[in-house]
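I have placed the structure first, in the form of structure tokens, so that the comments after it can refer back to it.
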Amino acid sequence: MRAGRVAQLAALLVLIGSGVYLVLYLYRWEWNRALIAGVFVLISEVGLGIALVLQRLGRIEEKLERPGTARAVLSPPSISQESQDDVLERIQETAPLARDHFSWLRGENQGMGVFVPVLMGAGVIASALAWLVERIARATAEPVLERGLAARLVPLGWPERGLTEADPDPLDLLAGPTGRPLG
């Protein structure tokens, strides 16, 4: 196997492993660990994507460099410069007009009329979702946590019979069968 394949396999294993841990940590409500696992998922995913794109570009480049393939079609030597200029001129004439994708930002108030409310709305929605998740977590986790805490604190509690009632008097232990102290 080539080194690139080994690196892709390692990245895939990291992606799968960190994905499993991400789900596990989210299930256990361990947010900091889930964030770290999510970062590893993201890094390995981006790395695999870049590797696949570069691999595909390499294949295209190999095909273009073979004799008798698309490169010869892309730049044939027998076409004159005038005909290429004519074709270029026709392409430029029929090209669509350039779109101004962010024209709504260029208003009288520098575009903050729409942008800021959208960000504030997204923040409100994110806060509402976080509040809902926290409420669900509290409703489901508190009874379980309280039962576990109670089970751990039972050995530290008071004895059921009290502290002094069942304990014999130390002087009674020294007394013999006649009731008088030994000695």
Query raised in the report: Can you tell if the side chain of Val124 reaches within under 4.5 Å of the side chain of Met120, non-hydrogen atoms only?
Result: no
Query raised in the report: Does the side chain of Ile50 come within less than 4.5 Å of Val46's, by heavy atoms?
Result: yes
Does [X] have any side-chain contact (heavy atoms from CB on, under 4.5 Å) partners at least two apart in sequence or in another chain, and if so, which?
X	value
Leu129	Ile125
Tyr25	Tyr21, Glu30, Arg33, Ala34, Ala37
Arg59	Gln55, Arg56
Trp31	Leu26, Trp29

Query raised in the report: Who are the side chain to side chain donor-acceptor pair (under 3.5 Å) partners of Glu134, not counting sequence neighbours?
Result: Arg138
What is the minimum heavy-atom distance between [X] and [Y], and which atoms define it?
X	Y	value
Ser44	Ala11	CB-O, 3.7 Å
Gln8	Leu52	NE2-CD2, 4.3 Å
Leu22	Val41	CD2-CG2, 4.4 Å

Requested in this report: Check the hydrophobic clustering (I, L, V, M, F, W, Y; side-chain heavy atoms under 4.5 Å; chains of links allowed) and say if Val23 and Val133 are grouped together.
Outcome: no
Query raised in the report: If you group Ile, Leu, Val, Met, Phe, Trp and Tyr by side-chain heavy-atom gaps below 4.5 Å, do Ile16 and Leu48 land in one group?
Result: yes
Report task. Working to the nearest 0.5 Å, report the span between OG of Ser18 and CD1 of Ile43. Result -> 9.0 Å
Query raised in the report: Quick check: are there more than 12 heavy atoms from other residues, nucleotides or ligands sitting under 6.0 Å from CG of Asn32?
Result: no
Report task. Scan Gln92, Arg90, Gln84 and name whichever one has a side-chain contact (heavy atoms from CB on, under 4.5 Å) with Leu88. Result -> Gln92
**Report entry** Other ILVMFWY residues reachable from Leu153 by side-chain steps of under 4.5 Å
**Finding:** Leu149, Leu156
